[in-house]
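I have placed the structure first, in the form of structure tokens, so that the comments after it can refer back to it.
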Amino acid sequence: MNSQEFLKFQAERYEFVHQQIILYSRYLKRDPRQGEILHDKEKATSTQLQARLDNIAREHGDAYIDGVQPVVDALKARYFDSSWNWVRQDALLMSYNILYSRLTTVDRAITARCIAIMDHANPNLIKFGQELLDSCRGVVGQLPLYKDVTFPTAPRSEITEKGNIVYSEVNRENVRKLEAYVEEMASADQISGSVNIQEGPG
């Protein structure tokens with residue numbers, strides 16, 4: 001067998017294998033050119049994207065392209081969402097303004113604030129609002145009661161550099177509730193408070 005006969009035999013062998021591949025592809029309902037078709041699509045997309053990048057480079061220059069490259073690893077990105085806290089604060093402020101009759105006119109600013117609260121609503125806000133409504137329902141029909149929710153204070157006197165005595169009320173240290181205030185007042189061996197004397201230039 002000479003070289004020409006060998007090449008002819010090899011070509012016939014390749015053609016036979018190619019026909020077998022087409023036959024099996026039809027049996028499996030597969031397109032034998034599917035890879036080529038996908039390659040052509042990807043090549044067209046890559047060419048289109050490259051053309052757009054070239055247009056940007058011609059318009060703004062390489063300095064702009066280099067300047068907009070990412071410098072932070074996406075895996076190290078941290079996302080902070082404190083809207084749940086702010087929306088609760090906004091809802092609480094609006095509720096108190098309504099309860100104390102401070103909110104008398106519904107204008108565009110109030111409407112925008114309501115829309116912002118609705119946009120950031122979450123299950124915690126719904127639960128918070130439900131607890132507030134339940135508390136209000138529990139006191140409907142009852143007489144108003146006075147509840148002191150301020151911090152217990154203590155008197156403090158200061159002498160300024162000019163010799164003036166300045167009196168003020170300050171929060172008691174380590175006393176946050178009225179029970180602790182009563183215990184402190186009932187204790188005879190403790191004297192709370194301090195004297196702050198500022199000496200002026202002699």
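Note on Y96 and I98: same hydrophobic cluster, where clusters join Ile, Leu, Val, Met, Phe, Trp and Tyr whose side-chain heavy atoms are under 4.5 Å apart, directly or indirectly.
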Using atom types as modelled, flag every donor-acceptor pair under 3.5 Å from a side chain in residues 104-113 to any protein atom, sequence neighbours excluded.
residue: D107; atom: OD1; partner: A109; partner atom: N; Å: 3.4
residue: D107; atom: OD1; partner: I110; partner atom: N; Å: 3.0
residue: T111; atom: OG1; partner: D107; partner atom: O; Å: 2.9

For residues 128-143, run the donor-acceptor check on the side chains, cut-off 3.5 Å, and write out each pair with its distance to 0.1 Å, sequence neighbours left out.
residue: Q130; atom: NE2; partner: D134; partner atom: OD1; Å: 3.1
residue: D134; atom: OD1; partner: R137; partner atom: NH1; Å: 3.1
residue: S135; atom: OG; partner: E131; partner atom: O; Å: 2.9
residue: Q142; atom: NE2; partner: G138; partner atom: O; Å: 3.2

Let me check something: any side-chain donor-acceptor pairs from residues 22-36 under 3.5 Å, sequence neighbours excluded? List them with distances.
residue: S25; atom: OG; partner: I21; partner atom: O; Å: 2.8
residue: D31; atom: OD1; partner: R33; partner atom: N; Å: 3.1
residue: R33; atom: NE; partner: E36; partner atom: OE1; Å: 3.3

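Inter-residue side-chain proximity for Y14 and H18 is flagged as unmet; no heavy-atom pair is nearer than 4.5 Å. Two residues are said to be in side-chain contact when any heavy atoms from C-beta on lie closer than 4.5 Å; V170 and T153 fail this criterion.
We find the CD-CD1 distance between Q89 and I117 to be 10.5 Å, quoted to the nearest 0.5 Å. From D119, atom CG reaches atom SG of C114 across 11.0 Å, with rounding to the nearest 0.5 Å.
N97 places a side-chain N or O within 3.5 Å of a backbone atom of L93 that can act as its donor or acceptor partner.
When all heavy atoms of T160 and V166 are compared, the closest pair comes out as CG2-CG2, 3.6 Å. P155 approaches E169 most closely through the heavy-atom pair N-OE1, 3.7 Å. Of all non-hydrogen atoms in M94 and L103, the two that sit nearest each other are CG-CD2, 4.5 Å. Closest approach of H120 to N122, counting heavy atoms only: O-ND2, 3.3 Å.
Counting only residues at least two apart or in different chains, salt bridge (charged side-chain N to carboxylate O under 4.0 Å, His left out) contacts with residues 40-63 are absent. Pairs engaging residues 50-75 under the ring-ring contact (aromatic ring centres under 6.0 Å, His included) rule: H60-Y64 [sequence neighbours left out].
Enclosure of atom CD in Q20 by more than 12 non-hydrogen atoms of other residues, nucleotides or ligands within 6.0 angstrom is indicated. Counted within 6.0 Å of CD1 on I37, heavy atoms from surrounding residues, nucleotides or ligands total more than 12; the atom is thus considered enclosed.
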Given side-chain contact (heavy atoms from CB on, under 4.5 Å), test E158 with I165 step by step and report yes or no. CA-CA 6 Å; E158 296 180 357; I165 299 177; over 6 Å; no
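A salt bridge does not link R13 to E15: none of the charged side-chain nitrogens sits closer than 4.0 Å to a carboxylate oxygen.
Applying the under-4.5 Å side-chain rule to Ile, Leu, Val, Met, Phe, Trp and Tyr, the cluster around I115 extends to M118.
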